[in-house]
Amino acid sequence: MHPMLNTAVKAARRAGAIINRASNDLDQLTVRAKRENDFVSEVDHGAEQAIIDTLLTAYPGHAILAEESGVTGESEYQWVIDPLDGTTNFLHGFPQYAISIALLHNGVPTHGVVYDPTRNELFTASRGVGAFLNDRRIRVSKRAKLKESLIGTGFPFRDFSHLDAYLGMFRDLVQKTAGLRRPGSAALDLAWTAAGRTDGFFEIGLNLWDIAAGCLLVTEAGGLVGDLTGEDRHLQSGHVVAGNPKVFVQLLQAIEPHLTLPLKA
């Protein structure tokens, strides 16, 4: 394992220990709303600080982009951190959430970790090396037909400006797939696509910290990732489609009729 990836794993496990301890006393947590339907707790802040401390101890010259504390430092190396992707799930005791850490080198994801502390599942990837789950190589699924595929997604919950377009996509894909699933953590959704548990994934309006590590997992597992038009702009737009190569193409075809001009931009 590359030393930088190993450091990210150490940071993720430290954050996971904080989250697991807090999950036993959810009614004691201090929670506030950052905006409508978007919550943050002291656990998010504590886990994020543990991650940042671990990373900067090893690499003090690196920059940070973290969900709660924003951007610090300037460097060709930038760590992109979501300390608790799926906070709403966590606050309800719904065990579907994860820590996501990616390292960007000149804007390109080179290492990624998605850690599920409830299952102790560690997804890792390095550019050109492959994707792994607890040190076992993973690959995207081999299903060739959208009709037989299980697709992950995320419902709009904060910004409803694209709700009508999304509902059109949802309506068609419910009928064209084996099923849609909305577990509530985009980082894990992408990791599960990389591991072949789902055959594809799509969502509108995500943040870089939600997807940087997960998208690297998918591509290193042999899958494809793009924006809603299939272009390589998903990290900038936050609109993501991912899947095994055959399902990816069919997902794009199903989504295309529902794209508005803003979603194509």
Side-chain angles (χ1 to χ4, degrees), residues 1-22 43-69 71-86 97-140 185-197 208-223 225 235:
M1 184 180 292
H2 191 282
M4 290 183 181
L5 182 62
N6 193 52
T7 299
V9 168
K10 180 180 177 181
R13 290 196 181 279
R14 282 190 64 190
I18 292 170
I19 292 167
N20 279 340
R21 284 196 299 271
V43 178
D44 297 73
H45 289 291
E48 182 171 291
Q49 194 58 54
I51 292 168
I52 292 172
D53 288 348
T54 303
L55 297 176
L56 292 185
T57 296
Y59 302 103
H62 286 189
I64 299 288
L65 169 60
E67 179 177 11
E68 307 306 335
S69 56
V71 177
T72 55
E74 292 186 10
S75 170
E76 63 186 291
Y77 292 98
Q78 183 183 53
W79 294 96
V80 179
I81 302 163
D82 190 337
L84 181 52
D85 184 48
Y97 43 83
I99 298 115
S100 177
I101 304 172
L103 178 63
L104 275 56
H105 183 220
N106 292 323
V108 178
T110 56
H111 301 290
V113 174
V114 174
Y115 179 50
D116 177 350
T118 68
R119 299 175 181 85
N120 194 29
E121 290 191 332
L122 180 72
F123 299 86
T124 59
S126 293
R127 183 165 294 275
V129 177
F132 298 83
L133 167 54
N134 293 342
D135 299 321
R136 178 179 60 83
R137 184 73 180 261
I138 54 175
R139 300 288 297 179
V140 294
S185 167
L188 268 185
D189 290 339
L190 288 162
W192 284 21
T193 298
R197 295 175 179 175
L208 182 58
W209 49 77
D210 299 317
I211 60 177
C215 288
L216 182 62
L217 283 165
V218 172
T219 55
E220 288 298 318
V225 183
L235 295 182

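No experiment lies behind these values; they were computed from the predicted model shown. Every heavy atom of this structure was used, including side-chain atoms; hydrogens, water molecules and symmetry mates were not.
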Peer 1: Are side-chain heavy atoms of M4 and H62 found at a separation under 4.5 Å?
Peer 2: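 SC-SC contact between M4 and H62 confirmed.
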Peer 1: What is the minimum heavy-atom distance between P83 and I51, and which atoms define it?
Peer 2: CA-CD1, 4.0 Å
Peer 1: Rounded to the nearest 0.5 Å, how far apart are CG of D82 and CD of E67?
Peer 2: 4.5 Å
Peer 1: Please check this pair: side chain of N20 against backbone of P117, looking for a donor-acceptor N/O pair closer than 3.5 Å.
Peer 2: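 Confirmed, N20 side chain pairs with P117 backbone.
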Peer 1: Tell me whether N106 at atom CG has more than 12 heavy atoms from other residues, nucleotides or ligands lying less than 6.0 Å away.
Peer 2: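 Counting neighbours around CG of N106, more than 12 heavy atoms of other residues, nucleotides or ligands fall under 6.0 Å, so yes.
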Peer 1: Could you check L55 against I81 for side-chain contact (heavy atoms from CB on, under 4.5 Å), going step by step and ending with a plain yes or no?
Peer 2: CA-CA 11 Å; L55 297 176; I81 302 163; 3.8 Å; yes
Peer 1: Main chain of D85, side chain of S185: is a donor-acceptor contact present, judged purely on distance under 3.5 Å?
Peer 2: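 Here the side-chain-to-backbone pair exists.
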Peer 1: Roughly how far apart are I138 CD1 and F132 CZ, rounded to 0.5 Å?
Peer 2: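 The CZ atom of F132 is 9.0 Å from CD1 of I138, to the nearest 0.5 Å.
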Peer 1: Closer than 3.5 angstrom, by distance alone: can the side chain of N134 be matched with the main-chain N or O of E121 as a donor-acceptor pair?
Peer 2: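 No; zero donor-acceptor contacts below 3.5 Å.
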Peer 1: For a quick test of reading the model, state the closest non-hydrogen atom pair linking V114 to A213 and the distance between them.
Peer 2: CG2-CB, 3.9 Å
Peer 1: Take W79 and I52, measure what side-chain contact (heavy atoms from CB on, under 4.5 Å) needs, and give me the verdict at the end.
Peer 2: CA-CA 9 Å; W79 294 96; I52 292 172; over 6 Å; no
Peer 1: Passes side-chain contact (heavy atoms from CB on, under 4.5 Å), V113 versus I99? Steps please.
Peer 2: CA-CA 8 Å; V113 174; I99 298 115; over 6 Å; no
Peer 1: Please list, one pair per line, the donor and acceptor atoms closer than 3.5 Å that link side chains of residues 8-17 to other protein atoms, with sequence neighbours excluded.
Peer 2:
unit_1, atom_1, unit_2, atom_2, d
R13, NH1, Y115, OH, 3.4
R13, NH1, N120, OD1, 3.0
R14, NH1, T54, OG1, 2.7

Peer 1: Which pair of non-hydrogen atoms, one from R197 and one from L133, has the smallest distance, and what is that distance?
Peer 2: NH2-CD2, 3.6 Å
Peer 1: Would the distance check show the side chain of E48 and the main-chain N or O of E68 forming a donor-acceptor pair, the cut-off being under 3.5 Å?
Peer 2: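 Side chain of E48 to backbone of E68, a donor-acceptor pair under 3.5 Å: yes, one is there.
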Peer 1: Specify the closest pair of heavy atoms between G112 and L216, including all atoms of both residues, with the distance to one decimal.
Peer 2: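 Here G112 and L216 meet closest at N-CD2, 3.7 Å.
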Peer 1: Which label fits H111 and H2: parallel for a plane angle under 30°, tilted from 30 to 60°, or perpendicular past 60°?
Peer 2: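 Plane angle between 30° and 60°, so tilted.
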Peer 1: side-chain contact (heavy atoms from CB on, under 4.5 Å), that's the test. Do L217 and L190 meet it? Break it down for me.
Peer 2: CA-CA 7 Å; L217 283 165; L190 288 162; over 6 Å; no
Peer 1: Under 3.5 Å, side chain of R127 to main-chain N/O of P109, donor-acceptor pair present?
Peer 2: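 Yes: the side chain of R127 pairs with the backbone of P109.
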Peer 1: Tell me the closest heavy-atom pair linking T110 and H105, and the distance in Å.
Peer 2: CG2-CB, 3.8 Å
